[in-house]
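So you know, we letter chains A, B, ... as the sequences are listed, proteins then strands, and number each from 1. This structure is a prediction, so every number in the text was calculated from the model and none was measured.
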Amino acid sequence: MKALAKNREVLLAVIVAAIVLAVGIRAPVFLTGASLVNVITDTCFLFMLTLAQMAIILTRGIDLSLAANLALTGMAVALVSRAMPGVPLGLIILLAIVIGAALGSVNGALVAFVGIPPIVVTLGTLAIFRGLIFLLAGGEWLTSKDMSEAFLSFPHANLLGVPSLIWIAGLVIAAYWILYRQTQFGRGLYAIGGNPTAARYCGINIPRQQFIVYTIAGAVAGLCGYLWVARYGIAFVDNAQGYELTIIAACVIGGVSIAGGIGTVSGALLGALFLGVIVNALPVINVSPFWQMLISGFVILAAVIVNARSERPIGKLILASARKLERKA
Amino acid sequence: AADKVRIALVVKALGIGFFDACRDGGMEAAKELGNIDLIYTGPTKTTAEEQIAVIDSLIAQKVDAIAISANDQDALVPVCKKAMERGIKVISFDSGVGKDGRIMHLNPSNNALIGAKCVQMMAKTLKNEGEVAILSATAQATNQNIWIEEMKKEWAKPEYAKMKLVSTVYGDDQADKSYRETQGLLKANPNLKGIIAPTSVGIVAAAKAVVDAGLVGKVFVSGLGLPSEMKGAVLAGATDTFAIWNPIDLGYSAVMIAAMIQSGKADGKPGSTIHVGRMGDIKIGDDGQAAMADPFTFDKSNIEQFSKIF
Amino acid sequence: MSDMQRYHVLDRAPFNLASYLLRWESILVMLLVAVIVINTAISPYFLDIYNLSDATFNFSEKAIIALAMALLIITREIDLSVAANIAVCSLVMGLLSQMGFGTPILVFAGLAVGATAGAVNGALVTKFRLPSIVVTIGTMSLFRGIAQVVLGDQALTKYPSALTSFGQGYIWPGVPIPNSFAIFLILACIFAFVLHRTVIGRQIFAIGHNPTAARFSGIKVENTRFWLFVMTGLMAGLAAVLLTGRIGSTRPNIALGWELEIVTMVILGGISIAGGTGTILGLVLSVFILGLTIFGLSLVNIPGIEIAILIGLLLIISIAIPIMTAKWRGRT
Amino acid sequence: MNSQLPILVLSGVSKSFPGVRALHDAKLTLHSGEVTALLGENGAGKSTLVKILTGIYRPDAGEILIDGKPQHFNKPTDSWGSGIAAIHQETVMFDELSVAENIFMGHMPRKKFGLVDWSLLHSKSAELLKRIEAEFSSDTILKTLGVAQKHMVEIARALSHNARIIIMDEPTAALSGREIDDLFDIINQLKSQGCAIIFISHKFDEIFKIADRWTCLRDGEYVGEGAIKDVTQAQLVKLMVGRSIDQVFPKHNVSIGKTILEVDDLSNATEFDGASFDLRQGEILGFYGLVGAGRSELMQALFGISKAGRGTVKVNGNIVKIESPSDAITAGIAYVPEDRQVQGTFQPFGIRENITLPSIAHHAGRNVISYSSELATTRKFGARLSVKASSWEQRLNELSGGNQQKVVIAKWLATKPKILILDEPTKGIDIGSKAAVHEFIGELAGEGLAIILVSSELPEVIGMSDSIQVMHEGKFIKRFSGAEISPEAIVNAASGGAH
Ligand SMILES: Nc1ncnc2c1ncn2[C@@H]1O[C@H](COP(=O)(O)OP(=O)(O)OP(=O)(O)O)[C@@H](O)[C@H]1O
Ligand SMILES: Nc1ncnc2c1ncn2[C@@H]1O[C@H](COP(=O)(O)OP(=O)(O)OP(=O)(O)O)[C@@H](O)[C@H]1O
Ligand SMILES: [Mg+2]
Ligand SMILES: [Mg+2]
C-alpha cells in the first residue's frame, strides 16, 4: 500500500515533468532557470496554502475561507503600511500572521467548540471576510503607491540568489513536514480523520487539535496575504478570488483524501506544483486565453481520474494462490 | 427630504476606484443642484444578473432617475425598460445599455478617439517600432472590446507598419491573473516592447510585472489607468504615458444629465443638446449617444499633481 | 410467541413541545417572521405585493436548482458546476436561436444540455468513484471554458420574443406571480412529495445516512446518485431557460458565482452537508429568508457586500443555535 | 485471594443519556490477579461502565476508588495514568497508520522539542508484539492486516499502558477458535503478572473457562456478584434476564422440502474458489471457518454485493443473474450482514424506517409510502424479536448493540425471503435475545424457509444446523451432516487439516 502511494506520487511527478518538457519544446524560454524559478515563485502561495488546507482536510474538515482570509489580511496590512509607512517590515509580517491566525481561530472555534460543520462555517466566514475587506477599506483599492518601499520589495528580495518568497515557502513546508511526520500532534491529525471515535478513545483532544489546525492555517493564509499584496502591488476586495477552490483541487490532485486521514506532504506539494505549472505554462505557449479555463478544467479532471484509478482497492486476499501472486508482484 | 429628487448612480460593481471617483463627481452635481438625493449603488460582482437585482430594488423604491454603467448592454434592457415604464428616467454612462433600455448614453469620450489614443501613445514611446501586446480585462467587457476594435482600426494606418500587435490576453480585472498573463507575455514574446492595457487593474499589474522582471526601459506599459494608481509605475519608468478621462467629470455629467431629463429641462432625444453645468453643452448624436470629453494624457510632468485628485 | 409482550414499545415518542420548537423548520419560521417584520420597519416599499413579486425574479432560478441540489446533498454529494452548466445551456440555446430555431426547440435544448452536463458529472462521480466536490470543481472550469471558447468576447442576444416574454412574464396578465416563481413553487411541492412520501425519497435519505448499508439493503446507490446529478443538471437547464429568457443575452460569465449562493440556500435550509437529513420545507423557508433579506436590505441601499456579511453571519448563527441548545439541554 | 485490598472499587455509579437511564447505582469490585466477568443483557450498561472507567463518559454520580484512593477521570489519559487500559467494543483502530502508531497513538514516546522518537516507538512496539507472539512487524500499515491480527494490535495497545487493570469489552466477538485460545493465553499471562481484568462476553463457555468472578447488571442496576466456581449458567442467566431460559438451541423437527438454491463452482480471483452446494426448503446449512475464511465474501457475492468471476446460481431450478442486492432480493434472497454498524443500520433513522427499508416497496402503493402499513410490520417483527426500545421511532444510535442487531434481522425478515443468509446473526447479542433469535430461526425453517447460517460460534453452528459446510482460506473443505458432525472434526477441518 505504501508502495502504491509512492507510485502515485512518482506518476504525478512524471506528469509534471512531462508537461514542463512539452511546454519547453514549444517555447524554449520556459525552460530557462529564471523562468522556472518564476514558476516556483508563483506557486509558492499554492504550496503553503495547500499544506495548510491539507491539515484541515486530514481532520475531515475543509476551509473555504483561506483565500478570503488572505485577501482580508493583505488589505489590513496594506492599510497599516499606508497609515504608518515607517512600520518595520518584521512587524508587518508578524501582524499579518497574527491577523490571519485570529481569523483562522474564529473558524477553529466555531468548528471545534461549537460543533458547526466546517463547510458551513467557512462558507459563512468566506462571505464575512470578503465583506470586511470592503468595509475596512471603504471599497478602496490600495496599490503600490500606498505601500512603503520595504513593504513592496521584500517578496522580490534575493537571498543567495533565491527569492525570499521561496525561502519563506521553504520554511513553511519544512515546518509542516515536521508537524505531519515528526509530532504526535501531526500523527493525531491522521488519527482524527481516520477514525474520530478511536482518536477520542486514544485520549486525543479533538476540539483542541481542530482549533489549532484552523488557527495555523489562518496564520499561513495571513502570511500569504501580506506576500500576495506585496508581490502583486494591489489590495482590493477581489484579491485571490476563487483561489479557495484551486487550493482544494491541489490537495486532491496530490492524493489528499477529502474523506480525511490520508495525504502526504510530498503529494500535496506535487499537486500544487502541477496546477502552478499549468497556469504558468498556458500563457507562455500562446494558448488562446479563451481556451485556458477549458484546459485547466480538463486537466484537473484527468489528474483526479488517474489518481483514483491507482487508488482502487483490491479485494481481500484470502485464497492462498492470490496471496502468492501478490507477493510476487 | 421626501420631496427631493432621488437619482441612482448604478455602477458595474462597488469597490472600484474609478467608480468611486465617479461618485464624487455625482455628489458634486447633486450638491450644485440642491434638491437631489444621490443613491450610489451597484452589485458585488460585475455580472448582469446582480445588476438587474439592484435595478429591481431601485424600481421598488420608486427612484426618479437612474444613471447606469452596464455590465451587459443587452441583458439590462428588459429591466431598464420596466423602469422606464414605471416612470423612471434611465440613462447610461461609461458602458452603455442597448438602445431600447435608456433615453440616452453618455460615452466618457469618443470611442474611436480612445482607441486611437492608446495606439498613438505607444507609438510615440516606441518611436513606431516593435512588438506590442494588449492586456484587456474580461473578454466580455463591452467597452474594452470596442476600444480594442478601434485600436486595430488605428493600427491599420501605414505609419504603424513596423509596430506589430503580437497578442491579446485577458487578465479578468484580477491583479494576480493580469500579473501572470503579463509574465506569460514577456516570456512568450522575448522581443516585446510594449503592452497596452486599456483597463485600470490590468495596467497597474502589467507595470508591476515589468518592474519585477527587471525590464524597465525595455518594455513599456501604456493604456488607460488612474493617475493615483499609476504614480508608482510612471516614476519607476515602466510607463511613459497613459491616458484616462476624468471620472469625476464623468460622474458629474451623468448625474447632471439625469437630473436635467428628470426635471424636463431636456428630453435627451437624438440630435438635442443638454446643458451640463460646468462641463458646458453636450450634444447627443443621432444614435442617442454623446461624448463627454477627450481622454487626457499623463506622464512624469503631471502625474504628481493629478495623483492627488483621482 | 411467549415473550411477545416482553417490552412495551410506544408507536411514537411522546409529544415534547420543546423539541418541536427546536426543530429546524420552527427556527426558520421564526427567522422568516423576523426578516419580514424588520424589513417592513426599515422600508416603506417592502410590503408591496408588486415589489415582492418582482423580487422573486432574482432568486427563483437559483431556488429551482437548490431543490435538486438539496437531494444531492442529502446523499452526501454536491454539484459546484451548476452555474457553469447554466452558461453551457444558455450558449447552446443562443447558438440555436441564431440559426433560427423557435422557442420550443430552445427550451428543449436548454433542458437537454443541462441534463447531459449533469450526466457527465454523475458518470464521473459514480463510475470512477471520485469525490463530487473535486469532480464538479473540474467540470465547473470545463463547462465555463466551453462557453468561453465558443463565445470569446461575443454575446448572443438574438432570442425569440416568446422566450424572453416567458422569462420576464407573469403567469396571468395582472396576477403578480412571475412564471419562474410559479415554477419554483410547483416544483417545490413535487420535490417535497417525492422526498418525504415516496419510496425513492426514503431511499435517498438512507443513502445519505449510510451508503454501504443502503447498498446492502438493495438500494441502487450509484444509480440513484447518478440520476440525482442528472436531475440537478436538468434543473440547471431549466434555470438557464428562465434566465436566458429573462435577460435575453448569453455571455460566458452568465450566472457567475451562483453555485455558492445555491449551496448557502440549501445549508441554511437545514440540509446537512454530512448527508441524510433535511426537508424541502426548510429549504423553501430558507429561500424566502435569503431572498427577502437581500431584497429588503437593498431597498435601503445597503451595499451587496455588506448584505453578504449579514448572510454569512445568519448562516453561522442559525446553525449554531440549535447545536448550542442541544448541548445545553444535554448538560442539564 | 479476596483477603487482599481490592484494586478497584466502583460504587453508586449512575449515568443517564437523554431519555435513557444507562446505569443506576451500579457497583463493581476488582482484585489483582483475577478475571471478573461483567454480565448483562444487551443494553444492561456494560459498555457504559467501561466508558466511565476509561474517562470517555463522566458519571452523573458515584465514586471510583483505586487502591482506596478516589479518582476523577475527565479524559482517557487520566484513566491511563491510574493504570487502566481497555479494549473497546467498537474497533479503535487507524487503518492508514502503522501498527506502532496504532499502539502508541495518544502516548507516543518523545524526544527533544516534543518530536516523536520513532526508534524507541518501534522498539517498544516490537517488544509488545513479541510478547503476544504476533508475527507482523511494527511498521506494517494496519489496513493490510486481517481481523485477528488487528485484534492483536488492540491487545498490544492495552498492554502498552503497563496497566494494572485491563478491560476487554466483548473481545471475542470477532474471533474464532484458535484466536480465542491465544487470547486466553495472554489473559492468563496478565493474570499471573497481577493484573485485574474485566471480561465482557455473551458467550458462557468462555466465561466459565476464563473468569474467576462475576458481576451482573440488569437494566443498569447491580444485581449481584460472586465466584464463578459457585454458580451455574442457569443461575447466571436467571440473574441477567430475570427469568430462566430453558433451551438455547431449539432444534425443530422440520420436514425438509425440495431444493431451492443450487450454487455451482462459484469463484472469484482472490477470495473464494469452487463453491458448490445446494440448499433445500426448511434446511439450515451452517457455514463454519476461522475468521477470514471467506464465508462472508462468498455470501456477499451470492447477494450481489460483489461480483463472482465464475460459476452459476440457480433458484428453484432457474439460473439467476445476481448483479446487485436488489436482484438478490427479487430472487428471494435476504442477507443479514456481519457488520451491523457499517452494513446493516441507519443510525439516524428510527426503528420503523430501518425495518421497512429493504421491503419498502411492499408498503407503498404507487410509490407512496403508507405509514400504517409500515407500523404494522414494525410492531410485528419488533415484538417477535423482542426489541427493547421506548418507541418505534427511537433512533438506532440510541439502542444497545444487541437491540440494533435485532432490528437488522427484523428488517430482512420483513422482506419475506425464500432464502435467508444470516452472517454472524447473534454476534454481540445477549443470551436471552440469542435464544429468541435461535427459536425464531427454527420457526422460520419450519415455515419452509431455506437458511444459511454463517457463524464463528461452534456451539451455535452445531446446535442449529442440519448440515455444516466448513471453509478454509477461501476453499470448501467438507460438508458435514448427521452423525459426522462433531466439534473436533469441524475445528480440525476449519484449520485446514482434514484433507
Ligand atoms: N451515547 C448514548 N446515547 C444515548 N443512549 C446511550 C448511549 N450509549 C448507550 N446508551 C444506552 O445506554 C444503555 C446501556 O448501553 P450499553 O452500550 O452500556 O449496553 P451494553 O451492556 O454494553 O450492551 P451490549 O451487550 O449490547 O453491548 C442502552 O440502553 C443504550 O441504549
Ligand atoms: N481486512 C479487514 N479490514 C477491516 N475489517 C475487516 C477485515 N477483515 C474482516 N474485517 C471485519 O472483521 C469482522 C470479521 O470479518 P471476516 O469476514 O474476515 O471474518 P469472518 O466473517 O469470520 O470470516 P469469513 O466470513 O471471511 O469466513 C467483520 O466485522 C469484518 O468487517
Ligand atoms: Mg456493549
Ligand atoms: Mg464473516
Interchain contact, Ile300(A) with chain C, by part (heavy-atom threshold 4.5 Å):
side chain
Flag the one option from Thr125(A), Val237(A), Leu135(A), Ile295(A) with the top tally of heavy-atom pairs under 4.5 Å to chain C.
Leu135(A)
In the structure I gave you, are the side-chain heavy atoms of Ile309(C) and Arg130(A) within less than 4.5 Å of one another anywhere?
no
Let me know if Val299(A) has heavy atoms under 4.5 Å from chain C in its side chain, its backbone, both or neither.
neither
Qualifying residue, where the test is side chain to side chain contact (heavy atoms under 4.5 Å, CB included) with Phe128(C) and the options are Leu301(A), Val304(A), Ile305(A):
Ile305(A)
Can you say whether Ile116(A) sits under 4.5 Å from chain C via the side chain, the backbone, both, or neither, judging by heavy atoms?
both
Atom CH2 in Trp291(A), atom CD1 in Ile146(C): separation rounded to 0.5 Å?
9.0 Å
For Gln148(C) and Leu294(A), what are the C-alpha separation, side-chain angles and deciding distance, and is it a side chain to side chain contact (heavy atoms under 4.5 Å, CB included)?
CA-CA 8 Å; Gln148(C) 211 153 63; Leu294(A) 182 75; over 6 Å; no
For each of Leu124(C), Val134(C), Ile267(C), Leu80(C), tally heavy-atom pairs with chain A at distances under 4.5 Å, and name the one with the top tally.
Val134(C)
Between Ile133(A) and chain C, which part of the residue has a heavy atom less than 4.5 Å away: side chain, backbone, both or neither?
neither
Where on Leu245(A) is there a heavy atom nearer than 4.5 Å to chain C: the side chain, the backbone, both, or neither?
both
Would you name the heavy atoms of Ala127(A) and Gly312(C) that are closest together and state the gap between them?
CB-CA, 4.4 Å
Is the shortest side-chain heavy-atom distance between Ile128(A) and Ile316(C) below 4.5 Å?
yes
Okay, Phe134(A) and chain C: the region with an atom under 4.5 Å from a heavy atom over there is side chain
Take atom CE in Met30(C); do more than 12 heavy atoms of anything else shown fall under 6.0 Å from it?
yes
How close do Pro117(A) and Ile319(C) get, counting heavy atoms only, and between which atoms?
CD-CG2, 4.4 Å
Please examine the side chains of Leu126(A) and Leu260(C), heavy atoms only from C-beta on, and report whether any two atoms are closer than 4.5 Å.
yes
Less than 4.5 Å to any heavy atom of chain C: does that hold for the side chain of Val114(A), its backbone, both, or neither?
both
What distance do Ile248(A) atom CD1 and Ile137(C) atom CD1 have between them, rounded to the nearest 0.5 Å?
5.0 Å
The test is side chain to side chain contact (heavy atoms under 4.5 Å, CB included); show your working for Ile133(C) and Ile62(A) and say whether it passes.
CA-CA 11 Å; Ile133(C) 187 164; Ile62(A) 197 155; 4.0 Å; yes
Should we count CZ of Phe288(C) as having more than 12 external heavy atoms under 6.0 Å?
yes
